[in-house]
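Notes to accompany the following structure.
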Amino acid sequence: MGSPSFSLCVYCGSRPGVDTAFAKAALTVGQWIGERGGRLVYGGGRNGLMGLVADATLAAGGTVLGIIPQALVEREWAHTACTELVVVNTMHERKQRMADAADAFVALPGGIGTFEEFFEAWTWRQLGYHDKPVGLLNVAGYYDSLSAFLAQTVASGFMNDWQMDLIRVGCDPYHLLPALVQDAGLSPAARTELM
Ligand code: AMP
């Protein structure tokens with residue numbers, strides 16, 4: 001297998017959520033990555049949307065790098081089918097290695113773990129620790145209230161428009177994912193293939 005055309009870090013729930021649209025979106029994202037010869041970088045679990053996105057990536061011919069702390073190997077059911085499963089000592093190491101391995105980040109619906117990872121990728125970009133695109137996939141309106149709240153933080157004077165401009169929010173994976181990968185600065189040839 002050749003080297004992946006891009007690496008997309010996906011943050012998402014370790015649970016499936018109650019709306020079947022969430023699982024459908026996770027499968028779509030995995031399939032999109034796999035069909036384009038990409039690599040999924042994620043938390044390495046088998047549960048919930050995390051497991052679905054990994055399975056869909058592999059089924060579509062992509063590669064999967066899972067990075068999981070030792071303490072979570074049993075709790076999150078480490079996904080042994082990953083192309084590469086890296087077991088690290090701490091959560092900090094997990095996040096750093098995921099960030100280093102990715103060309104871009106996208107968050108799907110999830111819980112506090114997903115929120116933490118998304119906000120960290122965003123704040124790290126704001127601080128200049130990286131300059132990789134960060135996206136939020138708003139599946140079935142799941143992030144509507146978060147989007148409204150973020151707009152309120154700007155209106156309240158705690159954020160600027162340029163900070164909001166550091167993330168892309170979209171509800172259609174077929175628009176959001178190519179935009180993120182293109183923003184990551186791949187070569188023009190690779191960009192065309194991704195569309
Ligand atoms: P959740 O969205 O809560 O279902 O969690 C999704 C993923 O985020 C899981 O792999 C969790 O291990 C991970 N996670 C939970 N807490 C944190 C944290 N503080 N930093 C980074 N990832 C976390």
Side-chain angles (χ1 to χ4, degrees), residues 7-34 38-60 62-124 132-147 149-150 167 169-171 173 176-177 180:
S7 292
L8 184 61
C9 179
V10 177
Y11 302 129
C12 60
S14 55
R15 305 177 196 193
V18 295
D19 190 332
T20 53
F22 303 145
K24 198 164 165 264
L27 294 173
T28 299
V29 169
Q31 192 178 358
W32 188 91
I33 296 169
R39 179 174 70 162
L40 168 71
V41 177
Y42 88 120
R46 208 190 312 165
N47 293 338
L49 300 189
M50 294 174 68
L52 290 177
V53 75
D55 288 339
T57 303
L58 292 167
T63 55
V64 174
L65 169 61
I67 303 176
I68 191 164
Q70 180 67 54
L72 296 185
V73 164
E74 285 184 21
R75 209 167 89 197
E76 295 197 343
W77 288 66
H79 202 324
T80 47
C82 289
T83 317
E84 190 183 355
L85 182 69
V86 177
V87 180
V88 294
N89 289 321
T90 66
M91 185 63 90
H92 287 297
E93 203 181 335
R94 176 202 235 181
K95 292 191 291 186
Q96 186 68 57
R97 289 190 65 159
M98 287 169 73
D100 289 345
D103 297 313
F105 309 88
V106 66
L108 275 57
I112 54 174
T114 303
F115 304 152
E116 203 271 349
E117 292 169 319
F118 165 73
F119 279 108
E120 184 170 80
W122 186 6
T123 54
W124 281 6
K132 300 175 181 180
V134 181
L136 186 66
L137 186 61
N138 185 12
V139 180
Y142 182 70
Y143 284 123
D144 282 354
S145 46
L146 176 64
S147 297
F149 177 68
L150 293 173
I167 58 166
V169 184
C171 53
L176 182 64
L177 301 181
L180 291 172

From R46 atom CZ to D55 atom CG, the distance as rounded to the nearest 0.5 Å:
9.0 Å

Set of residues satisfying side-chain contact (heavy atoms from CB on, under 4.5 Å) with respect to T90, sequence neighbours excluded
H92, E93

Could you check if a side-chain atom of V169 sits within less than 4.5 angstrom of a side-chain atom of L146, using non-hydrogen atoms only?
no

Between C12 and V53, which heavy-atom pair has the shortest distance, and what is it?
SG-CG1, 4.3 Å

Check: residues 19-26 side-chain donor-acceptor pairs under 3.5 Å, at least two apart:
| residue | atom | partner | partner atom | Å |
| --- | --- | --- | --- | --- |
| D19 | OD1 | A21 | N | 2.9 |

Answer yes or no: is there a donor N or O on one side and an acceptor on the other, between the side chain of K132 and the main chain of A99, under 3.5 Å?
yes

Nearest heavy-atom contact between A54 and H79 is CB-CD2, 4.0 Å

All pairs passing salt bridge (charged side-chain N to carboxylate O under 4.0 Å, His left out) where residues 105-119 contributes a residue, at least two apart:
K95-E116

With sequence neighbours left out, what residues match R94 under side-chain hydrogen bond (donor to acceptor under 3.5 Å, both in side chains)?
E76

S14: side-chain contact (heavy atoms from CB on, under 4.5 Å) partners, not counting sequence neighbours:
M50

Heavy-atom neighbours of W77 CH2 exceed 12 at 6.0 Å
no

List the atom pairs, donor and acceptor, that lie under 3.5 Å between side-chain atoms in residues 65-74 and the rest of the protein, sequence neighbours left out.
none

If you count every heavy atom of other residues, nucleotides or ligands that lies below 6.0 Å from R97 atom CZ, does the total exceed 12?
no

Quick check: closest heavy atoms across P173 and T28, and the distance to 0.1 Å?
CG-CG2, 3.8 Å

Separation between CG of L176 and CG of L136, rounded to the nearest 0.5 Å
8.0 Å

Applying side-chain hydrogen bond (donor to acceptor under 3.5 Å, both in side chains) to D100 and not counting sequence neighbours gives Q96

Which donor-acceptor pairs under 3.5 Å do side chains of residues 137-144 form with protein atoms, sequence neighbours excluded?
| residue | atom | partner | partner atom | Å |
| --- | --- | --- | --- | --- |
| N138 | OD1 | Y142 | N | 3.1 |
| N138 | OD1 | Y143 | N | 2.6 |
| N138 | ND2 | D144 | OD1 | 2.8 |
| Y142 | OH | G110 | O | 2.5 |
| Y143 | OH | L108 | O | 2.9 |

Quick one, C82 with Y42, criterion side-chain contact (heavy atoms from CB on, under 4.5 Å). Give me CA distance, side-chain angles, the key distance, then yes/no.
CA-CA 10 Å; C82 289; Y42 88 120; 3.7 Å; yes

Using the test ring pair (Phe, Tyr, Trp, His ring centres under 6.0 Å), find all partners of F118 that sit at least two apart in sequence or belong to another chain.
W122

Go through the structure and list residues passing side-chain hydrogen bond (donor to acceptor under 3.5 Å, both in side chains) with S7, not counting sequence neighbours.
R39

Nearest 0.5 Å please: distance from the CG atom of L40 over to the OG1 atom of T63.
8.5 Å

